[in-house]
Structure formats: C-alpha cells, structure tokens
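A short worksheet on the structure shown next.
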Amino acid sequence: MRYWLMKSEPSAFSIDDLRKKNVSGWDGVRNYQARNFMKAMTLGDRAFFYHSSQEPVGIAGIMEICGLAYPDPTQFDKKDPHYDPKAKPGAPVWFHVDVKFLRKLPRLVGLFELRASPALKRMALFRLGRVSITPVTAAEWNVVLAMAGGDGPFIDK
DNA sequence: GCCAACGTTGGC
DNA sequence: GCCAACGTTGGC
C-alpha cells in the first residue's frame, strides 16, 4: 500500500462533501505530474485530504483509493470549467481515480505545522508545491497521524 | 486580492 | 527544441 496527498479547495470540494458522498471521482486535475501519480495508484492506497487556499490550510482527513485511474468525464464537457478541447472520447488526456471517505482527523493539521516538523522536511508537498497530488512516505504518514492526536492513539484502520 | 513560483503554450 | 509570454496555483 502506498500513501498520497491530494489537494482540494474546500469551497469547491471539502472533506465534509466527501463524507456526505462517501465515494467520489477526484475530477478536474489538469496537471500531468498529478495525473501520472493517479495512474500509479493502486486499490487500497491511502490519501490525505488536504484543504488548500482557504484558512485553515492543511490536512483535514484521510481517504482510500477505491477506483483505479479512468478518463475524467469533465474533460469532454464543454460546460465544465475543466473542459479540454484537446481531449476526445477516443483519446482522453485526463484521468482520475475514485476515492472513499475514511475519516476526518481529530483535528486539522495546519500547513505551518507540517513545515515546522523536522520529520516532514522532505515531503514532496513542499518540493512539488504546485502539484495537487503528491506521494507521501509511510514514515511521513505516521508522523502526520501522530500530530493529529485525538483521544488516545489515532489508529488508521 | 496580491503576487511568486512554476507549469504550459506557441512562435521561431 | 528553446524560451518568452502567459496562465494557474496556492500561500499569505
């Protein structure tokens, strides 16, 4: 199992929106690196749900990859803001995975805390600042869960 | 709302 | 295939 971090602006789609839907396609990604990371995902991988752009910015919850990469339908929809005229149904450009809500963290772990943690210095999140999906190591995953705290040990099960 | 960083596009 | 111009992301 591998770990990932996936960004979304909560005004567009938040951890609470995912909780209500339970399962959702992670659509609208229009960056090749992020797309390639989604293609590398396997069923059962875990991902942090990261709230970007609006305070509080940081990791809000965790989810599971429950559908392998397949063409993102919004690329073909002229009315969608993510419409891409380069893409044709026979030759899709953009792919996305399905994600399933697992849980919110006991508290949101803010970006400033992530930056401040020596154990997280090398997170791909910082190196690939403008890529909305980045890999996370198992060690980083556990550090973030420990930072989130909660009542007793926070078990990712 | 500003703007730095950086990915993407397109002219040559 | 380079690189300047442009557009977008995302932190602040």
Side-chain angles (χ1 to χ4, degrees), chain A residues 2-21 24-41 45-65 67-99 101-137 139-149:
Chain A
R2 297 171 71 180
Y3 301 97
W4 308 91
L5 180 146
M6 303 171 80
K7 297 180 190 174
S8 176
E9 295 190 31
S11 60
F13 189 67
S14 71
I15 185 78
D16 289 321
D17 294 330
L18 179 60
R19 179 160 61 173
K20 279 180 219 132
K21 285 182 73 176
S24 177
W26 197 266
D27 61 20
V29 172
R30 296 293 182 267
N31 169 282
Y32 290 103
Q33 266 185 289
R35 179 200 68 180
N36 293 342
F37 285 137
M38 282 197 285
K39 285 185 166 183
M41 291 176 179
D45 282 3
R46 298 290 166 92
F48 287 130
F49 194 125
Y50 178 97
H51 280 179
S52 64
S53 293
Q54 298 169 218
E55 288 297 331
V57 168
I59 295 172
I62 63 179
M63 50 197 174
E64 178 178 335
I65 307 308
L68 296 177
Y70 62 102
D72 176 346
T74 64
Q75 69 194 302
F76 309 123
D77 180 357
K78 286 201 167 82
K79 296 188 296 293
D80 192 282
H82 299 291
Y83 171 68
D84 185 345
K86 292 193 304 296
K88 298 286 175 285
V93 178
W94 302 110
F95 292 74
H96 71 329
V97 295
D98 288 333
V99 297
F101 176 82
L102 288 185
R103 66 190 67 201
K104 292 175 79 166
L105 294 185
R107 67 180 185 87
L108 182 138
V109 180
L111 176 59
F112 71 99
E113 295 177 69
L114 299 173
R115 280 197 206 285
S117 167
L120 301 177
K121 277 270 184 303
R122 302 180 47 125
M123 266 189 108
L125 169 67
F126 305 132
R127 216 165 5 94
L128 306 173
R130 296 177 65 254
V131 180
S132 65
I133 297 173
T134 50
V136 172
T137 67
E140 290 162 351
W141 181 267
N142 290 324
V143 167
V144 172
L145 292 187
M147 289 169 82

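Naming convention: chains lettered A, B, ... in sequence-line order (proteins, then strands); numbering from 1 in each chain.
- In this structure, F95(A) has its ring center at least 6.0 angstrom away from the ring center of W26(A).
- Residues that satisfy the side-chain contact (heavy atoms from CB on, under 4.5 Å) test with R2(A), not counting sequence neighbours, are W4(A), A40(A), D45(A).
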**Report entry** Base-contact (B) and sugar-phosphate-only (S) positions in nucleotides 3-11 of chain B, heavy-atom cut-off under 4.0 Å, - elsewhere
**Finding:** --BBSSS--

Report task. Begin from the C-alpha positions of F49(A) and L5(A) and carry the test side-chain contact (heavy atoms from CB on, under 4.5 Å) through to its verdict. Result -> CA-CA 6 Å; F49(A) 194 125; L5(A) 180 146; over 6 Å; no

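- If you check every strand for non-hydrogen atoms under 4.0 Å, Y50(A) touches sugar and phosphate atoms only.
- Within the structure, side chain to side chain donor-acceptor pair (under 3.5 Å) pairs that include any residue of residues 112-133 of chain A comprise R107(A)-E113(A) (at least two apart or interchain).
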Query raised in the report: Which is it for T74(A) and D72(A) under the side-chain hydrogen bond (donor to acceptor under 3.5 Å, both in side chains) test, yes or no, and what are the steps along the way?
Result: CA-CA 6 Å; T74(A) 64; D72(A) 176 346; 2.7 Å; yes

